[in-house]
Q: 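Have a look at this one before I ask anything.
Throughout, a chain's letter reflects where its sequence line sits, starting with A, and its residues are numbered from 1. Just so it is clear, the values below take in all heavy atoms, side chains as well, and ignore hydrogens, waters and symmetry mates.
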Amino acid sequence: MARLAPTVLEVLMIKTRIAPSPTGDPHVGTIYQALFNRVFAHQNGGKFILRIEDTDRTRFNPESQKRLLEMLDWVGLPADESPTAGGPAGSYIQTERVANHQKYAAQMLSNGTAYRAFDTSAELEERRKIAEAAKASYRGYDRRDRNLTREESDARAASGEPFVIRIKAPLEGEVIVQDRLRGAVVFKASELDDKVLLKADGMPTYHLAAMSDDHDMGVTHVIRAEEWLTSSPIHKLIIEAMGWNEPEWIHTPLLRNPDKSKLSKRKSNTSVESYKEMGITPEALVNYLGMMAYSMPDGRELFGFDDLIEHFTWERVSLGGPVFDLGKLTWLNGRYIREVLSLDEVVSRAKPYLEKAGYDISDTVKLEKVIDALRPRFDVFADVPEKAAYFYRDIVFDDKARNKIEEGRGHLAALLPLLENAAWTWGVLEPIIKGYAESTGAKLGAVMQPIRAALTGKLESPGMGELLEALGKELCLKRIKSATN
RNA sequence: GGUCCCAUCGUCUAGCGGUCUAGGACGGUGCCCUCUCAAGGCGCAGACACGAGUUCAAGUCUCGUUGGGAUCACCA
C-alpha cells in the first residue's frame, strides 16, 4: 500500500481523478468527466488518475473495468495512473484499499467523529416508510445509536452483533463547501444526517472510500458531476474529522436527456461503445463533449483536446445542464469526415464497416473513389455500406428509378455505342453525354437521370463523373446495356 | 415534500452595466449552385421565464416568484 502522507512534490502537483464504478456499459458521462479532469490536470502539468470504485460487490461487473479502460484509450483520454498504467499511489482498485478505509473508520470511531450503529437495513427501511406515510419528509437516519456509551457499543460489537459505522455530523451550525464554479454553498447542519461510512460487511461506502483514497493518492481537485454536490458537506466533514487537506471542489453540470433529466440509459443512448459502433469518430465525440457547457473564447466549434489544453478555463463553463443532442453530434461527426480527416483516414475508418457488410473492397483504387464520392453524403460510418451498396452489390431498383429508365430507354440505347469506345474518364465522357443531349435537343436531366437510374437503381447519387469513374467502364456498360432491355 | 444547484432561440451557446432593434451553431424553412442527392453559399423564422428593486442606464447586479434539475440507500 502507498505511503499515506503525500510528499511535498505531490502536494504541489495537481492531481485529478475519475472514480467510475465497474457496473455496466461505459457511459458517456464518464468520458465527459474524464475530459474535464484530464484537461485541467494536464494544462497545469499535473496527473489525471483513474480509480475503480468497486466496493459495491452486488453490482460488480468483471468486464466493465476493461471496457471502460478501452473506451478511454479509444477517445484518447487515458489516465496517467490507473489499474493498468500503474502509478505511485498504490492500488488503483478501491477494494484493494479497504484495509485503509477500515483503519480510517476505526480512527474516526476512536476520535469520536464516528460511531457504531446497530440498526438493520430492514429496520431502517421500515422507519423510512413510516416517516413517508406520516407525510413527514424523511430526515435521514434518526441517530438513535449516536449516543450509545462506548462500553455498550464495544460490548455489542464484541458479541458479534452486526453494525455499521456512521459519521457524527454536527447537530447545529453550517457546513460551507467552496465550489469553484458556484462559490460558497451553504448547508445547514440540521439538514445533514449521519451517513454510513463503513457497511456491515466491512466495505466502505463511497463517502469514506472516495475521500480517503483521494487523500492517500494526493488528489488536489475533486472534479465530479453536480449530482455529488449535495453530499459534499459529508465529504468535507470526513476530511475535517481526519485532519486532511481539503481538495478544491468543482462540481460540473450534468449531461441531460432531451426532457432535461439527468442523462440516462433509459431515455438516451449513453453507451460509448454504441457510438463507436455507429461510426462516431473519437475526435468528434470528444469535441462534442467539449462543447457541452463549455465554449471556446473565439467561438469556434471545431476543436480538440489540445485546443482545450490551451484555452480551457472554468470561467467559461456554463452551469445550465446541457442536453445531449445526438443530431448535433452526428453533424459534428460529418464535419470531421469531410473537413478534418484526410481521405486516407476516412477510407481506413470506413473499411471495417464495408468488410462487415461483406463487400469486396480489395480494389483500393476503386474504394478510394467510392469513399471520396460518398464523403459529403454520410455523417456516421455505419451508413457507408448502405450508401455504397450499388458500387459493390447488384442493383436494387426503386420504383422511381424503374420509371425513369422506362422514360429514358431510348437515350440509353442511343448512348451505349457512343460510350463503348470511349476512354473512361469524366473528361471524355462528359462531352459525349452533353453533346448527345444537345444534338438531340433533350434536356440534360432527361439523359442523365436514366443513366443514373441504370447505374445505381436510384435517382440520387454522387455526381455523374464520380459515379462513372468509381464504377468503372465494364460495370457501367453492363448496367446500361441491361437497362436497355 | 426538505435541502442544494440552475435559468438567453426547440437544442448547444456568445454576452461578464451602455457597443443588444441580443451574436454564432444544430435543427426548421426559402433561395442560389447544379445531371439527381448531398455538401457548400446566402436569407428567413425563432430566446433574455416573471415581478420588484439598485443605477442616468440591466440580458448583464440584488431580492422574490415561477420553472427545471439534483439529492435525500449499509449505490456509486
Side-chain angles (χ1 to χ4, degrees), chain A residues 19-23 53-56 58-59 94 117 119-121 124-125 128 132 135-141 162-166 177 179 181-182 185-188 190-193 195-207 209-210 225-233 251 253-254 256 258-262 288 291-301 315-316 318-325 327-332 334 338-339 373-378 387 404 430 433-434 437 443-449 451-453 456 458-465 467:
Chain A
S21 56
T23 52
E53 308 242 327
D54 56 346
T55 52
D56 182 355
T58 61
R59 297 201 305 159
Q94 194 156 65
D119 322 77
T120 65
S121 298
L124 292 173
E125 182 61 27
R128 200 173 295 129
E132 276 166 23
K135 285 186 189 161
S137 51
Y138 179 64
R139 307 291 295 201
Y141 177 56
F163 62 88
V164 300
I165 294 180
R166 286 180 181 273
V177 174
D179 180 87
L181 263 17
R182 306 149 214 276
V185 182
V186 181
F187 298 87
K188 286 199 191 66
S190 56
E191 301 296 338
L192 270 23
D193 80 332
K195 293 290 183 215
V196 172
L197 301 174
L198 204 68
K199 306 179 221 175
D201 64 1
M203 281 288 179
T205 59
Y206 171 87
H207 307 301
E226 189 183 352
E227 56 187 323
W228 293 108
L229 186 57
T230 49
S231 49
S232 61
H251 292 94
L254 241 19
R256 312 288 188 95
D259 70 1
K260 303 278 194 181
S261 56
K262 176 168 80 167
Y288 182 67
M291 58 202 267
M292 295 278 85
Y294 172 79
S295 63
M296 279 296 202
D298 63 1
R300 83 184 99 142
E301 293 201 286
E315 288 63 42
R316 293 197 64 81
S318 57
L319 265 15
V323 171
F324 191 93
D325 179 15
K328 190 154 185 178
L329 170 58
T330 299
W331 163 80
L332 191 62
R338 68 190 99 91
E339 294 177 39
L374 256 23
R375 196 137 65 135
R377 294 177 171 79
F378 66 91
K387 300 266 184 190
K404 189 60 72 178
E430 183 174 21
I433 296 171
K434 289 190 173 170
K443 280 188 167 177
L444 191 54
V447 177
M448 289 285 215
Q449 283 302 72
I451 302 175
R452 170 167 284 112
T456 69
K458 304 173 194 313
L459 258 27
E460 307 87 37
S461 85
M464 191 53 65
L467 199 54

Q: Could you check which of U3(B), C6(B), A76(B) has an atom nearest any side-chain atom of Phe187(A)?
A: U3(B)
Q: Let's see if you can work this out: which of U36(B), G2(B), U13(B) has an atom nearest to the side-chain heavy atoms of Ser318(A)?
A: U13(B)
Q: Mind checking if Leu459(A) touches a base, just sugar-phosphate, or nothing, with heavy atoms under 4.0 Å?
A: base
Q: With P as the reference atom in both, quote the distance from C32(B) to A38(B) in angstrom, rounded to an integer.
A: 15 Å
Q: Using side-chain contact (heavy atoms from CB on, under 4.5 Å), reason through Tyr141(A) and Leu124(A) one step at a time and then give a plain yes or no.
A: CA-CA 8 Å; Tyr141(A) 177 56; Leu124(A) 292 173; 3.6 Å; yes
Q: Can you tell me if the side-chain N/O atoms of Lys195(A) get under 4.0 Å from OP1 or OP2 in U71(B)?
A: no
Q: Using the side-chain heavy atoms of Glu460(A), tell me which of these nucleotides is nearest: U36(B), A76(B), G69(B).
A: U36(B)
Q: Counting side-chain heavy atoms from C-beta on, which of C74(B), U11(B), A76(B) comes nearest to Ser21(A)?
A: A76(B)
Q: Is a salt bridge present between Asp179(A) and Arg182(A), judged by a nitrogen-to-oxygen distance below 4.0 Å?
A: yes
Q: C20(B) and U3(B): how far apart are their C1' atoms, nearest whole angstrom?
A: 37 Å
Q: For Thr55(A) and Leu329(A), find the nucleotide of RNA chain B closest to each by heavy atoms; which residue's nucleotide sits nearer the 5' end?
A: Leu329(A)
Q: Measure the distance from CG on Leu197(A) to P on C74(B) and round it to the nearest whole Å.
A: 11 Å
Q: Look at all strands and tell whether Met464(A) reaches a base, only sugar-phosphate, or nothing, counting heavy atoms closer than 4.0 Å.
A: base
Q: Leu124(A) near the nucleic acid: base, sugar-phosphate alone, or nothing, with a heavy-atom cut-off under 4.0 Å?
A: base
Q: Counting heavy atoms from C-beta on, name the nucleotide in A70(B), U13(B), A25(B) closest to the side chain of Ser295(A).
A: U13(B)
Q: Mind checking whether Phe163(A) and Leu198(A) have side chains closer than 4.5 Å, heavy atoms only?
A: no
Q: Quick one: Asp298(A) CG to A25(B) P, roughly how many Å, whole number?
A: 14 Å
Q: Take the protein atom CG of Leu319(A) and the nucleotide atom C1' of C5(B), then report the distance between them rounded to whole Å.
A: 8 Å
Q: So if I take every side-chain heavy atom of Arg182(A) and compare against G69(B), U36(B), C5(B), which nucleotide ends up nearest?
A: C5(B)
Q: Taking atom P in both A49(B) and G23(B), compute the distance separating them and give it to the nearest angstrom.
A: 16 Å
Q: Could you state the atom-to-atom distance from NE2 of His207(A) to P of C75(B) in whole Å?
A: 9 Å
Q: Using whole Å, what does the distance between atom C1' of nucleotide A38(B) and atom CZ of Arg452(A) come to?
A: 11 Å
Q: From Arg128(A) CZ over to Ser121(A) OG, what is the distance, rounded to the nearest 0.5 angstrom?
A: 8.5 Å
Q: Taking C6(B) as the reference, what is the distance to A14(B) when you measure between their P atoms (whole Å, please)?
A: 15 Å
Q: Closest approach to the side chain of Arg338(A), judged atom by atom: which nucleotide of A14(B), G40(B), A76(B) is it?
A: G40(B)
Q: Answer yes or no: are there more than 12 heavy-atom neighbours, outside Lys199(A) itself, under 6.0 Å from its atom NZ?
A: yes
Q: I'd like the C1' distance from U55(B) over to U62(B), given in whole Å.
A: 12 Å
Q: Among A70(B), A76(B), C5(B), which nucleotide sits nearest the side chain of Leu229(A)?
A: C5(B)
Q: Classify Arg375(A) by what it touches in the nucleic acid, base, sugar-phosphate, or nothing, heavy-atom distance under 4.0 Å.
A: nothing
Q: Using a 4.0 Å heavy-atom cut-off across all strands, classify Gly463(A) as base, sugar-phosphate, or nothing.
A: base
Q: Side-chain N or O of Lys199(A) less than 4.0 angstrom from OP1 or OP2 on C75(B)?
A: yes
Q: For G69(B) versus C9(B), give the span between their P atoms, rounded off to a whole number of Å.
A: 16 Å
Q: His251(A) has an atom NE2; how far is it from atom C1' of C5(B), in whole Å?
A: 11 Å
Q: Of the candidate nucleotides C26(B), U36(B), A14(B), which contains the atom at the shortest distance from the side chain of Arg316(A)?
A: A14(B)
Q: With a 4.0 Å cut-off on heavy atoms, is Val185(A) in touch with a base, just the backbone sugar-phosphate, or nothing at all?
A: sugar-phosphate
Q: For Met203(A), report the nucleic acid contact type (base, sugar-phosphate, nothing); a contact means any heavy atom under 4.0 Å.
A: nothing
Q: Looking at every strand, decide which applies to Pro204(A) at a 4.0 Å heavy-atom threshold: base, sugar-phosphate, or nothing.
A: sugar-phosphate
Q: So does Arg128(A) get a side-chain nitrogen or oxygen closer than 4.0 Å to the phosphate oxygens (OP1/OP2) of C74(B)?
A: yes
Q: What interatomic distance, in whole Å, is found between C1' of A39(B) and the corresponding atom of A58(B)?
A: 43 Å
Q: Just compare C35(B), C74(B), G69(B) and give me whichever is closest to any side-chain atom of Lys434(A).
A: C35(B)
Q: Whole angstroms only, please: what is the CG-C1' distance between Leu467(A) and A38(B)?
A: 14 Å
Q: Within the structure shown, what part of the strands sits under 4.0 Å from Asp119(A) by heavy-atom distance: base, sugar-phosphate, or nothing?
A: base
Q: By the 4.0 Å heavy-atom rule, please label Gly321(A) as base, sugar-phosphate, or nothing.
A: sugar-phosphate
Q: Take the protein atom CG of Leu192(A) and the nucleotide atom P of G2(B), then report the distance between them rounded to whole Å.
A: 17 Å
Q: Under 4.0 Å between a side-chain N or O of Lys260(A) and OP1 or OP2 of U11(B)?
A: yes
